[in-house]
Amino acid sequence: DPPAPMCVCPTGCRGISAPALGAAPARPSLLTMVCKAVLVIPCASLSQHRRFDFRPKTDPYCQARYTFCPTGSAIPLMKEEDVIEVYRLQAPVWEFKYGDLLGHLKIMHDAMGFKSSLTGKNYTMEWYELFQLGNCTFPHLRPGMDAPFWCNQGAACFYEGIDDAHWKANGTLVLVTTISGTMFNEMAQWVKYDNETGIYYETWTVQASPDKKSTVWFDSYECSKFILRTYQKLADLGAVFKKIQTNYTSIILFSGEPIYLGNETSIFGPQGNKTLAAAIRDFYNPFKPHQSVREFFVDLFKIIDRVILNHQFYLFYNLEYWFLPMKSPYLKIIYEEVPLPVGSKASSGV
């Protein structure tokens with residue numbers, strides 16, 4: 001559990017007063033109420049994504065428009081002497097529905113491919129949302145429930161075959177390394193651990209500024225991060241990667257130092273902060289699915305007012321809520337190079 005909130009207001013809130021947290025500006029008592037939910041934590045401890053002891057069952061309320069991993073299968077046990085080609089796979093998000101539309105914005109999905117030299121079979125492995133991106137990014141506000149309701153699990157998916165047309169048409173299918181069957185089997189054991197303990201999808205990276213050396217307050221946890229972790233694991237097992245450029249998509253929010261608000265119980269529970277709870281629910285309300293064009297534009301103006309004009313964003317990360325004092329340029333989609341890794345073990349000579 002996080003430490004009990006420390007009251008650092010009014011001098012320690014770094015300019016975030018009660019109005020910025022949703023309280024009425026003319027009532028000083030609300031500042032005290034908000035203060036009770038605020039904890040300023042040193043930046044070094046913010047961006048570590050939490051590991052869990054087990055993966056909880058999903059709630060039946062969470063429903064996917066497109067079934068998660070419909071052709072998934074267990075990762076096979078490879079023979080030690082097998083030689084397996086490893087491929088980098090990348091294509092625009094929702095390419096199956098919109099073609100290269102999101103590719104023009106460099107919003108890309110990442111995966112890996114494997115080909116066994118002994119059997120000739122090939123496989124695809126990827127990590128993505130169980131209930132689509134929108135559900136992982138914003139919660140549902142359900143009637144009769146005080147706390148926002150999240151459907152934000154992500155998981156690994158492994159299946160036989162590589163859809164060459166899907167990856168080649170508007171993306172990438174390229175050989176990056178070759179490994180032994182032994183290394184593949186060790187990677188498979190690590191994937192099982194990673195999948196059982198890293199369970200919540202996180203869309204946003206949160207940084208202090210666009211500068212490359214800027215403080216990263218929170219790191220995203222999505223498809224590309226899984227691929228990068230797996231590449232690093234293979235490198236540590238002895239894989240030697242080809243010298244090719246590899247770029248990945250990040251969706252970045254820009255914020256001053258985040259302020260810790262609490263978890264679901266401390267904010268929305270019987271002893272919670274009702275003012276703060278209402279502010280968080282009010283913030284998320286415009287992000288709900290829309291039934292009409294008019295409703296969409298009304299809520300879009302509300303989002304612009306909150307995030308850009310009033311510099312407010314509420315982030316849910318590691319099952320805890322944080323307040324982000326937003327600043328220019330507010331949001332940016334980048335497609336930057338992350339080099340293929342160098343391992344900590346000598347090459348196996350494959």
Side-chain angles (χ1 to χ4, degrees), residues 2-3 8 12-16 20 38-52 90 93 105-110 127-129 133 136-138 150 152-154 194 197-233 235-236 245-263 280 283 306-308 311-342 344:
V8 295
C13 285
R14 302 181 182 276
I16 305 303
V38 173
L39 171 64
V40 176
I41 296 178
C43 63
S45 67
L46 299 188
S47 63
Q48 184 67 41
H49 197 273
R50 178 180 169 187
R51 292 280 174 181
F52 294 83
Q90 188 178 75
V93 169
L105 299 175
K106 295 300 182 183
I107 301 178
M108 310 295 283
H109 174 66
D110 297 275
W127 195 97
Y128 63 101
E129 325 88 74
L133 182 60
C136 286
T137 308
F138 299 106
W150 292 87
N152 58 338
Q153 285 197 41
D194 186 83
T197 61
I199 58 180
Y200 292 111
Y201 190 101
E202 178 53 56
T203 303
W204 312 109
T205 295
V206 184
Q207 291 184 194
S209 76
D211 187 85
K212 287 188 176 182
K213 295 182 179 180
S214 169
T215 298
V216 177
W217 303 117
F218 299 97
D219 207 354
S220 62
Y221 200 83
E222 27 74 12
C223 62
S224 69
K225 294 299 191 295
F226 172 74
I227 299 304
L228 289 169
R229 292 195 303 276
T230 308
Y231 284 163
Q232 185 60 60
K233 182 62 179 179
D236 293 341
Q245 182 170 331
T246 51
N247 288 50
Y248 302 90
T249 301
S250 292
I251 304 177
I252 304 176
L253 299 176
F254 297 100
S255 165
E257 184 170 351
I259 295 175
Y260 174 74
L261 300 175
N263 58 27
I280 293 174
F283 172 80
R306 287 288 180 82
V307 177
I308 297 178
H311 312 284
Q312 301 176 20
F313 197 98
Y314 290 93
L315 178 73
F316 187 64
Y317 194 91
N318 285 343
L319 304 183
E320 297 169 335
Y321 287 92
W322 296 78
F323 178 79
L324 305 181
M326 298 293 286
K327 61 183 183 180
S328 180
Y330 305 102
L331 182 147
K332 188 176 183 181
I333 299 172
I334 64 169
Y335 186 67
E336 286 190 334
E337 180 181 8
V338 180
L340 289 165
V342 175
S344 57

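Residues W204 and F313 meet the side-chain proximity criterion, which asks for heavy atoms closer than 4.5 Å. Taking the side chain as every heavy atom from C-beta outward, H109 and Y128 approach each other to under 4.5 Å. Taking the side chain as every heavy atom from C-beta outward, L133 and Y201 approach each other to under 4.5 Å.
Contact between R50 and N318 at its shortest, heavy atoms only, is N-OD1, 2.9 Å. Between C136 and N152, the shortest heavy-atom distance links the atoms SG-CA, 3.6 Å. Between T203 and S220, the shortest heavy-atom contact is O-CB, 3.7 Å. Across D110 and C223, no two heavy atoms sit closer than the pair N-SG, 3.6 Å. Residues A235 and V342 share a closest heavy-atom pair of CB-C, 4.0 Å. Nearest approach of M108 to T249, heavy atoms of both residues: N-OG1, 3.1 Å.
Side-chain contact, R229 with Y221: a donor N or O sits under 3.5 Å from an acceptor N or O.
Between Y317 and H49, a ring centre-to-centre spacing shorter than 6.0 Å is recorded. Taking the six-membered ring where the residue is Trp, the centroids of W150 and F316 are separated by under 6.0 Å.
Note that OH of Y248 and NZ of K106 are 14.0 Å apart. Values are rounded to the nearest 0.5 Å. In this structure, OG1 in T230 is found 13.0 Å from NZ in K225, a value given to the nearest 0.5 Å. For the atom pair NZ of K213 and CD of Q207, the computed distance is 14.0 Å after rounding to the nearest 0.5 Å. Note: I252 CD1 to W217 CH2 = 14.5 Å, rounded to the nearest 0.5 Å. Note that OG1 of T205 is 5.0 Å distant from CG of D219, once rounded to the nearest 0.5 Å. Between I251 atom CD1 and I107 atom CD1 the span is 5.5 Å, to the nearest 0.5 Å.
With Y314 as reference, F283 is the one residue of Y321, F283, Y260, F138 to meet the ring pair (Phe, Tyr, Trp, His ring centres under 6.0 Å) rule.
Under a 4.0 Å N-O distance rule, the pair R51/D194 qualifies as a salt bridge.
Taking the side-chain hydrogen bond (donor to acceptor under 3.5 Å, both in side chains) definition, one finds that S224 meets it with E222, sequence neighbours left out.
Counting only distance, with no hydrogens or angles, the side chain of K327 and the backbone of A208 share a donor-acceptor pair below 3.5 Å. Q90 places a side-chain N or O within 3.5 Å of a backbone atom of N247 that can act as its donor or acceptor partner.
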For this session: Given side-chain hydrogen bond (donor to acceptor under 3.5 Å, both in side chains), test N263 with E320 step by step and report yes or no.
Result: CA-CA 4 Å; N263 58 27; E320 297 169 335; 5.8 Å; no
Problem set entry | Pair F52-T197, side chain to side chain contact (heavy atoms under 4.5 Å, CB included): steps then yes or no | CA-CA 5 Å; F52 294 83; T197 61; 5.5 Å; no
